2 protein chains.
Amino acid sequence: MSDLLGRLRGRGWRMTSQRRVVAEVLDGDHVHLTADEVHLRAAARLPEISRATVYNTLGELVALGEVLEVSTVGRAKRYDPNARNPHQHLVCSGCGTVRDVHPVGNAIGDLPEEERFGFAVGSVEITYRGLCPGCA
Amino acid sequence: MSDLLGRLRGRGWRMTSQRRVVAEVLDGDHVHLTADEVHLRAAARLPEISRATVYNTLGELVALGEVLEVSTVGRAKRYDPNARNPHQHLVCSGCGTVRDVHPVGNAIGDLPEEERFGFAVGSVEITYRGLCPGCA
DNA sequence: ATCCTACGATGGACTTCGTCCAAGTCAAGA
DNA sequence: TCTTGACTTGGACGAAGTCCATCGTAGGAT
């Protein structure tokens, strides 16, 4: 993530203060913010930034593959900047905390041909659920 | 699913025409309706049924473990009545269609101890993504 | 069979999350 | 520095879902 700005510039992204701030907010490991949290933190540095811009920028980062959308049942989407490091998620059923994890094995390979129904399977998302030490 | 009504009655559910209709709509394999679709189909049989009742009933069925919520990024939740038969999902990135699938292997076992961060991991959800034959 | 009452249904307002759009602004190449 | 088209803005809009006061009724009690 540290050189995200450089990579984006290399892809012809017009660099604006808004985009810089959003990218800076999405920095680090185990960061899983909602769009609203991103907006809140971005607004701390750039008070007049609009919600629409945050949504636009997050959408572009997702399209560029720099950020992943994490689906959390029933809640707002979360954005995970750790897209360049393939990983899965471990979610606490109590408090909703999310950790990045790295299971071994090949989950796509585990899906038999006759279970694919002609789909071109491109990716797999795995979500482990359980109680974190604090909630147990 | 066929004896869902009996099981529910056995748990002390008050049986109403609305609940019966919702339960009947959620019948069969590979059924993954959104709340709105459930409402639409229920209303075909019971025109005055309200959206709130459909949401309430779906929520109760989920709480009772008779129905699963399937999270689909960016779209409405879908409800899967096949909860008693453990399975995973294959989702079309184009049209959102969902199929039940049964991967081989042991996904929970694939998560190394040092990647569990002290969590008591109880379940795992796997979502395969790709394009269905129609969308490819 | 009928009566009672607590549980369930209703529908409309409200909230949350997200998208769209027309107008204004500005990064960066000429 | 000038120009221009890409970017930002904020408010309206929309979809999905929740809440709540009120009404209706399933099913036990009589």
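Just so you know, these numbers come straight off a predicted model, no measurement behind them.
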Next item on the list: Grab the CZ-P distance between A/Arg19 and D/dA6 for me, whole Å please.
Entry: 11 Å
Checklist line | More than 12 heavy atoms of other groups within 6.0 Å of A/Arg116 CZ | finding: yes
Checklist line | Heavy-atom closest contact (B/Val54 atom, B/Ala35 atom, distance) | finding: CG1-O, 3.8 Å
Margin query: If the condition is ring-ring contact (aromatic ring centres under 6.0 Å, His included), which residues does A/His87 pass it with, not counting sequence neighbours?
Written below: A/His89
Item checked: Residue list, salt bridge (charged side-chain N to carboxylate O under 4.0 Å, His left out) with A/Arg45, at least two apart or on another chain -> A/Glu24
Next item on the list: Using atom CG of B/Leu8 as one end and atom C1' of C/dC7 as the other, report the distance to the nearest whole Å.
Entry: 16 Å
Item checked: CZ/A/Arg20: more than 12 non-hydrogen atoms of other groups inside 6.0 Å -> yes
Note to self: Once side-chain hydrogen bond (donor to acceptor under 3.5 Å, both in side chains) is applied, do any residues pair with B/Gln18, and if so which ones, sequence neighbours excluded?
What the structure shows: B/Thr16
Note to self: Could you check whether any side-chain N or O of B/Glu66 sits under 3.5 Å from a backbone N or O of B/Leu61, counting only pairs where one atom can act as donor and the other as acceptor?
What the structure shows: no
Note to self: Less than 4.0 angstrom between a side-chain N/O of A/Gln18 and OP1 or OP2 of C/dT25, yes or no?
What the structure shows: no
Note to self: Run the side-chain hydrogen bond (donor to acceptor under 3.5 Å, both in side chains) test against A/Thr53 and tell me which residues pass, sequence neighbours left out.
What the structure shows: A/Ser50
Checklist line | Where protein sits on nucleotides 23-30 of chain D, one letter per nucleotide: B base, S sugar-phosphate only, - none, heavy atoms under 4.0 Å | finding: --BBS---
Item checked: Rounded to 10 degrees, the angle between the two terminal axes of the helix from C/dA1-D/dT30 to C/dA30-D/dT1, each from five pairs -> 30°
Next item on the list: With sequence neighbours left out, write down each residue that passes salt bridge (charged side-chain N to carboxylate O under 4.0 Å, His left out) with A/Arg19, or none if nothing qualifies.
Entry: A/Glu60
Notebook entry, point to check: Within this structure, what is the CD-to-P distance between B/Glu48 and C/dG8, rounded to whole angstrom?
Noted result: 19 Å
Notebook entry, point to check: D/dA6 C1' sits how many Å from A/Arg11 CZ, rounded?
Noted result: 18 Å
Checklist line | Nearest non-hydrogen partners of B/Pro133 and A/Gly118, listed with the distance | finding: CG-O, 3.6 Å
Notebook entry, point to check: For B/Arg78, what residues pass the salt bridge (charged side-chain N to carboxylate O under 4.0 Å, His left out) criterion, not counting sequence neighbours?
Noted result: B/Glu37
Using atom names, set out every protein N or O paired with an N or O of nucleotides 14-18 of chain C below 3.5 Å, distance rounded to 0.1 Å.
{"from": "C/dG18", "atom 1": "OP1", "to": "A/Lys77", "atom 2": "N", "distance (Å)": "3.2"}
{"from": "C/dG18", "atom 1": "OP2", "to": "A/Tyr55", "atom 2": "OH", "distance (Å)": "3.0"}
{"from": "C/dG18", "atom 1": "N7", "to": "A/Arg51", "atom 2": "NH1", "distance (Å)": "3.3"}
{"from": "C/dG18", "atom 1": "N7", "to": "A/Arg51", "atom 2": "NH2", "distance (Å)": "3.2"}
{"from": "C/dG18", "atom 1": "O6", "to": "A/Arg51", "atom 2": "NH2", "distance (Å)": "3.3"}

Next item on the list: Measure the distance from CD on B/Glu37 to C1' on D/dA15 and round it to the nearest whole Å.
Entry: 14 Å
Next item on the list: Output the rest of the hydrophobic cluster of B/Tyr55: all Ile, Leu, Val, Met, Phe, Trp and Tyr residues reachable through side-chain heavy-atom contacts under 4.5 Å, sorted by chain and number.
Entry: none
Next item on the list: Starting from P on C/dT25, measure out to CG on A/Asn56 and report it in whole angstrom.
Entry: 18 Å
Check: With sequence neighbours excluded, what pairs up with B/Phe117 under the side chain to side chain contact (heavy atoms under 4.5 Å, CB included) test?
Finding: A/Leu90, A/Arg99, A/Val101, B/Phe119
Note to self: On DNA chain D, does the nearest nucleotide to A/Ser50 precede the nearest nucleotide to B/Ala52 from the 5' side, or the other way round? Give the residue.
What the structure shows: A/Ser50
Checklist line | Selection: residues 40-47 of chain B, any non-hydrogen atom under 4.0 Å of DNA chain C | finding: none
Next item on the list: Would you please say whether a donor-acceptor pair under 3.5 Å links the side chains of A/His32 and A/Asp100?
Entry: yes
Check: In whole angstrom, what separates B/Leu58's CG from D/dT18's P?
Finding: 10 Å
